[in-house]
Amino acid sequence: MSKLSGKIALVTGGARGIGEAIVRRLHADGASVYFTFNSSPDKANALAAELGASVQAIQADVAQADSVTSLVKTVLEHSANTAKRIDILVNNAGITKDTLVLRMSESDWDSVIDTNLKGAFLMSKAVCKPMMSQRAGKIINIGSIVGITGNAGQVNYSASKAGLIGLTKSFAKELSSRNILVNCVAPGYIDTDMTAKISDEQKKALQSSIPLGRTAQPHEIASVVAFLASDDASYITAQTIVVDGGLAA
Ligand code: NDP
């Protein structure tokens, strides 16, 4: 039997990048996967069509409370014929609005915090109730190494990702008595649209500072998420697992 057979997973921002790799991996491991898209309907529909009936795409904006409430309601109603529950939540959706602090506007700050940090709060809160009545659940937040190290030009983004580490620990402590395990994965530099903007020269310099000598592919984050989502990680909670090729060591 596959490791996640019979499990119901919800992944935010699953149409592309790391989220897409997570959707593919959880599906391959046997889970039924619901994933959200916000501005990428074509990619989302193509992915759902490729993977078949056990993978469904739903439009949602994680920064909007109403949208999150209706998303979770839809998933619970839709999964009613198997079991009215959500076993795994992956808070992956995230954005950057990078600039030096003197040029950073209030809206650059607000939009990044709202999507990356408030979004994870709203989503985690919304799945708490079903997970508490199930007396089981896994919540996995996608943080970032810059939430630990900080980074020039990313005051908003690194604050949102540092906040996710605190949110992870606090949710984990609050929900542990109901057997809900909450962890964070902190990637280093992964090849996706988010990092496509940097020049080849910058990329070479970055690669030379990574002990493994290369950037990573999205599936290398998805495999850690799949591990945390599985029973193999039944005694791990409140942790942040760094997946950065040794960059921040
Ligand atoms: P991408 O830019 O490739 O994808 C971002 C995803 O987030 C998209 O699926 C997008 O959906 C979704 N999204 C953005 N805003 C919202 C919103 N308001 N509501 C719902 N979904 C939203 O990024 P990555 O795949 O690179 O990043 C995924 C996660 O990994 C992020 O949290 C990021 O911070 C983190 N990360 C990435 C690293 C990297 O090097 N790439 C390093 C460390 C962390 P849509 O396209 O439908 O709008």
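All values below come from the heavy atoms of this structure, side chains included, with hydrogens, waters and symmetry mates left out. We're numbering straight along the sequence, starting at 1. Note that ligands are numbered from 1 as they come in the structure, with each ligand's atoms numbered from 1 the same way.
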Find all atoms of ligand 1 within a distance of less than 4.0 Å from any non-hydrogen atom belonging to [X], and give their numbers and elements.
X	result
Phe37	47 (O)
Thr195	39 (C), 40 (O), 41 (N)
Gly188	40 (O), 42 (C), 43 (C)
Ser39	45 (P), 46 (O), 47 (O), 48 (O)

Which protein heavy atom lies closest to [atom], and at what distance to 0.1 Å?
atom	answer
atom 20 (C) of ligand 1	Ala60 O, 3.4 Å
atom 7 (O) of ligand 1	Gly94 N, 3.4 Å
atom 21 (N) of ligand 1	Ala93 CB, 3.4 Å
atom 47 (O) of ligand 1	Asn38 N, 2.6 Å
atom 34 (O) of ligand 1	Tyr157 OH, 2.5 Å
atom 19 (N) of ligand 1	Val62 N, 3.0 Å
atom 18 (N) of ligand 1	Asp61 OD1, 2.8 Å
atom 12 (C) of ligand 1	Gly13 CA, 3.8 Å

Heavy-atom nearest neighbour of [atom] within options [options]:
atom	options	answer
atom 14 (C) of ligand 1	Asp191, Ile95, Ile190, Thr192	Ile95
atom 29 (C) of ligand 1	Asn92, Ile18, Val23, Ile22	Asn92
atom 4 (O) of ligand 1	Arg16, Glu20, Lys118, Gln64	Arg16

Check your understanding: So how far is it from Ile190 CD1 to Glu220 CD, rounded to the nearest 0.5 Å?
Key -> 7.5 Å

pair [X]-[Y]: side-chain heavy atoms closer than 4.5 Å:
X	Y	value
Leu181	Ile236	no
Val55	Glu50	no
Thr96	Lys197	yes
Asn183	Ile241	no
His27	Phe35	no
Ile88	Leu4	yes
Gln59	Asn38	yes

Review point. Does Tyr189 approach ligand 1 within less than 4.0 angstrom via side chain, backbone, both or neither, non-hydrogen atoms only?
Key: backbone

Practice item. Among residues two or more places apart or on two chains, list those pairs meeting side-chain hydrogen bond (donor to acceptor under 3.5 Å, both in side chains) that have a residue in residues 222-240. Key: Lys3-Asp232

Check your understanding: Is the closest heavy atom of Ile142 to ligand 1 under 4.0 Å?
Key -> yes

Exercise for review: Say whether Gly143 and ligand 1 are in contact under the criterion: heavy-atom distance to a ligand atom below 4.0 Å.
Suggested key: yes

Check your understanding: For Thr36 and ligand 1, does the shortest N/O to N/O distance drop below 3.5 Å?
Key -> no

Practice item. Begin from the C-alpha positions of Val90 and Leu26 and carry the test side-chain contact (heavy atoms from CB on, under 4.5 Å) through to its verdict. Key: CA-CA 10 Å; Val90 185; Leu26 298 185; 4.3 Å; yes

Practice item. Would you please classify the geometry between the Phe171 ring and the Phe121 ring as parallel, tilted or perpendicular, with 30° and 60° separating the classes? Key: tilted

Practice item. Inspect the contact between Asp200 and Lys204 and indicate whether a charged nitrogen and a carboxylate oxygen are less than 4.0 angstrom apart. Key: no

